[in-house]
2 protein chains.
Amino acid sequence: MANIQQVAEKAGVSVATVSRVLNHAASVSTKTRLKVENAIKELNYEPSMLGRNLRNSESRLLLVLLPSISNPFYTEIINGIQNTAIANSYNILLCETDSNPQRENIYFNMIKNKLADGVISMDPTVNRQKLTELAESHPVILCSEYDEGGSVPFVTIDSELAAYQAVKHLIRLGNKKIALINSDEKFLYARQRRSGYERALKEFDLPIREEWIYHTRDLEFQNGVQAMRMLLELEEKPTAVFAVSDTLAIGALKGINGSGLHVPNDLAIIGFDNISFSNMTNPTLTTVSQPMYKMGVTAANMLIMSIKGEQVESVVLDHDLIIRESTMG
Amino acid sequence: MANIQQVAEKAGVSVATVSRVLNHAASVSTKTRLKVENAIKELNYEPSMLGRNLRNSESRLLLVLLPSISNPFYTEIINGIQNTAIANSYNILLCETDSNPQRENIYFNMIKNKLADGVISMDPTVNRQKLTELAESHPVILCSEYDEGGSVPFVTIDSELAAYQAVKHLIRLGNKKIALINSDEKFLYARQRRSGYERALKEFDLPIREEWIYHTRDLEFQNGVQAMRMLLELEEKPTAVFAVSDTLAIGALKGINGSGLHVPNDLAIIGFDNISFSNMTNPTLTTVSQPMYKMGVTAANMLIMSIKGEQVESVVLDHDLIIRESTMG
DNA sequence: ATGAAAGCGCTAACAT
DNA sequence: ATGTTAGCGCTTTCAT
């Protein structure tokens with residue numbers, strides 16, 4: 001791979017002139033520019049990002065941290081981030097952390113080392129301490145999951161309210177025994193959604209029964225299947241289920257198969273996220289729709305502002321309840 | 001962010017010595033090492049990958065190109081790549097190309113510019129010309145989709161054979177009218193799977209009817225829904241459908257809803273890929289299982305060998321037919 | 001065992 | 001309009 005030096009020699013000019021041509025500086029004569037451009041072509045030269053970044057302390061690369069690409073929830077968010085980034089001449093790199101702090105650390109280092117200009121983290125288990133530390137001197141935005149009372153700017157929705165509304169919808173349909181399939185409450189969103197669930201029940205004087213609250217380890221389908229099977233083994237079975245993620249709700253739907261129960265007649269189900277698959281199930285899934293694309297766009301814009309040195313404020317976006325077959329009893 | 005110079009000053013040694021400590025060189029006295037390590041801690045110093053990479057022409061970063069993260073097919077492959085990479089002290093960066101050549105080009109440049117040491121491409125629409133050119137001087141491996149007769153090493157399965165076996169399974173169940181939901185035949189795998197489909201039909205003297213071969217634009221669920229609706233509008237409806245991707249097959253399953261037809265009694269369906277969803281549908285989906293994790297591991301190993309300068313040979317892995325409810329008529 | 005200095009590829013300030 | 005040169009942060013050769 002040729003370097004700028006060789007191009008300069010071939011064109012019979014200085015490296016500075018080559019650099020000027022590369023950066024479209026005005027002060028180069030057409031004749032010289034042509035010579036340089038020819039040399040570039042002949043040598044098949046491409047400028048080294050490494051040298052350039054080292055010099056400029058800028059990479060125009062953004063990092064996007066996500067726990068796992070297997071959850072379709074992230075797909076649309078990433079589209080939003082990607083489109084916004086590209087519109088601003090940035091590129092994004094997706095980093096799957098598996099919620100592993102060590103792996104996270106590697107990516108944090110890429111930021112510290114100027115290999116990327118900023119980071120959007122969607123990892124709920126991110127090491128708060130390290131992240132806050134990083135955010136002190138580097139552009140960081142949290143997306144979806146965030147740090148309550150923390151100093152890092154975030155974009156998210158009101159999970160408590162969304163859960164409250166979802167459960168209220170179930171209550172209005174006449175359900176009095178409503179179960180919750182929650183994920184691990186170490187996640188903020190899990191605590192918030194539980195809180196919304198309880199607020200709705202309390203408001204209608206319905207009992208909050210621990211046996212109707214199931215906690216899953218992960219958000220995979222299989223966790224939802226498992227959760228539903230447990231609920232169906234109870235003496236007093238719920239007549240409705242609110243799952244904090246579509247993947248869990250879809251698993252729950254599967255878990256009902258073979259039990260003889262009918263959704264929604266015997267059991268109503270609501271999910272959360274409105275992933276594309278939630279419209280493919282049979283019955284289709286009622287769910288809370290997060291504005292995922294917009295969330296991505298917003299996060300990317302916030303990050304780019306932050307890179308420019310501007311102050312950014314956290315944002316809470318609106319959600320919607322999408323009513324489909326699984327609650328049309 | 002402190003640099004090596006400041007660490008050296010603080011520790012009262014030269015930058016060379018700091019570098020030695022950083023790289024665990026043997027020839028540093030314990031006393032000096034301690035001084036340096038203290039300085040590093042006090043200054044919160046982290047070595048710059050940029051400076052290091054520029055000097056070493058090595059980044060220990062691998063690029064993984066994929067058209068879209070929305071297809072769950074890639075999930076397990078990426079796990080395989082990631083684990084293998086980490087076991088060899090490499091990190092991976094996921095690059096979503098949206099099958100956009102311009103975007104691809106950006107990532108190719110990262111390779112040329114030594115920002116990453118090699119690339120695994122899973123993008124079927126990748127620009128063959130540019131890729132082959134890149135592969136002449138940089139480590140490149142193709143995964144899943146490949147270039148027939150090309151010079152770039154690949155890891156894949158025998159799509160023709162898999163399709164042949166899938167269709168034969170349908171024939172053995174007594175089906176004589178078998179439709180194909182294919183993707184765009186600009187993709188090699190699409191041509192291969194069609195070829196396997198036709199081979200099976202011919203072998204049993206069944207007619208190949210153009211109206212039973214539907215081509216979709218993308219691999220989204222919705223494309224499968226659409227395809228199935230078209231097939232159900234035909235005067236002579238098929239009794240079985242082979243879809244070249246699980247996402248399409250799942251969409252097809254959805255497209256049948258409301259038609260009054262029963263799967264598998266009236267219509268058998270086979271998909272391809274064995275994505276995790278395929279076991280969540282109702283009925284569960286018969287499908288061809290690609291060894292995705294192994295594919296990822298193999299691709300990563302090949303790439304790492306290639307980076308080391310070793311010659312690598314292309315690999316064709318085995319597949320399996322997973323029989324589930326959608327063909328248990 | 002340690003230090004001085006060159007150089008990886010590039011940009012920009014300064015000089016002409 | 002173009003050239004000279006310093007320097008971004010690091011590693012490594014060559015001295016000592």
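As the structure is a prediction and not an experimental result, all values here were calculated from the model. A note on names: the letters A, B, ... follow the listed sequences, proteins ahead of strands, and every chain is numbered from 1.
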Open item on the list: Side-chain N or O of Ser19(B) versus OP1/OP2 of dT11(D): is the shortest distance under 4.0 Å?
Closed with: yes
TODO: Ignoring backbone atoms, establish whether Thr32(A) has a side-chain N or O less than 4.0 Å from OP1 or OP2 of dT2(D).
DONE: yes
Task: Whole-Å gap separating P (dA6(C)) and CG (Leu54(B)) - done: 17 Å
Open item on the list: I want to verify a distance call: between dG9(C), dG3(D), dA4(C), whose nearest atom is closest to the Ala16(A) side chain?
Closed with: dG3(D)
TODO: Select base, sugar-phosphate, or nothing to describe what Asn53(B) touches, counting heavy atoms under 4.0 Å on all strands.
DONE: nothing
Task: N-O pairing of Glu42(B) and Lys10(B) below 4.0 Å - done: yes
- [ ] Ignoring backbone atoms, establish whether Ser14(A) has a side-chain N or O less than 4.0 Å from OP1 or OP2 of dG3(D).
- [x] yes
Task: Gap between atoms CG and C1', on Asn3(A) and dC8(C) respectively (whole Å) - done: 9 Å
- [ ] Would you tell me if any nitrogen or oxygen in the side chain of Arg52(A) comes within less than 4.0 Å of OP1 or OP2 on dG9(C)?
- [x] no
Open item on the list: Just the rounded figure in Å: distance from P of dC10(C) to CG of Leu115(B).
Closed with: 13 Å
Open item on the list: Nearest whole Å is fine: how far is dT2(C) P from Lys35(B) NZ?
Closed with: 8 Å
TODO: Check whether any side-chain N or O of Arg20(B) sits under 4.0 Å from OP1 or OP2 of dT2(C), and answer yes or no.
DONE: no
Open item on the list: What is the separation between atom CZ on Arg55(A) and atom P on dT5(D), rounded to the nearest whole Å?
Closed with: 16 Å
TODO: Check the distance between dT11(C)'s C1' and His24(A)'s NE2 and give it to me in whole angstrom.
DONE: 15 Å
- [ ] From the options dC10(C), dG3(D), dC10(D), select the nucleotide whose nearest atom is closest to the side chain of Val13(A).
- [x] dG3(D)
Open item on the list: What's Ser27(B) touching, base or sugar-phosphate or nothing? Going by heavy atoms closer than 4.0 Å.
Closed with: base
Open item on the list: Looking at Asp98(B) and Asn100(B), would you say the former's side chain and the latter's main chain have a donor-acceptor pair under 3.5 Å?
Closed with: no
Task: Whichever of Ser57(B) and Ser29(B) has its nearest DNA chain C nucleotide further upstream toward 5' - done: Ser29(B)
Task: Atom pair distance, as rounded to whole Å: CD in Glu46(A) and P in dC10(C) - done: 11 Å
Task: Short side-chain N/O contact from Thr17(A) to OP1 or OP2 of dG3(D), under 4.0 Å - done: yes
Open item on the list: Does dC8(C) have OP1 or OP2 under 4.0 Å away from a side-chain N or O of Asn56(B)?
Closed with: no
TODO: Select base, sugar-phosphate, or nothing to describe what Leu50(B) touches, counting heavy atoms under 4.0 Å on all strands.
DONE: nothing
Open item on the list: Heavy atoms only, 4.0 Å cut-off, all strands: where does Val18(B) land among base, sugar-phosphate and nothing?
Closed with: nothing
TODO: Give a yes or no answer on whether the side chain of Gln82(A) reaches the backbone of Glu96(B) with a donor-acceptor pair at less than 3.5 Å.
DONE: yes
- [ ] Dump the intermediate steps for side chain to side chain contact (heavy atoms under 4.5 Å, CB included) on Ile120(B) and Ile92(B), then the final yes or no.
- [x] CA-CA 10 Å; Ile120(B) 294 173; Ile92(B) 71 165; over 6 Å; no
- [ ] Can you tell me the distance, in whole Å, between the CD1 atom of Ile4(B) and the C1' atom of dG7(D)?
- [x] 15 Å
Task: Side-chain (Asn23(B)) to main-chain (Ala25(B)) donor-acceptor, under 3.5 angstrom - done: no
TODO: Would you check if the side chain of Asp117(B) reaches a backbone N or O of Ser59(B) as a donor-acceptor pair within less than 3.5 Å?
DONE: yes
Task: Per Val15(B) side chain, nearest of listed nucleotides dG7(D), dC10(D), dA5(C) - done: dA5(C)
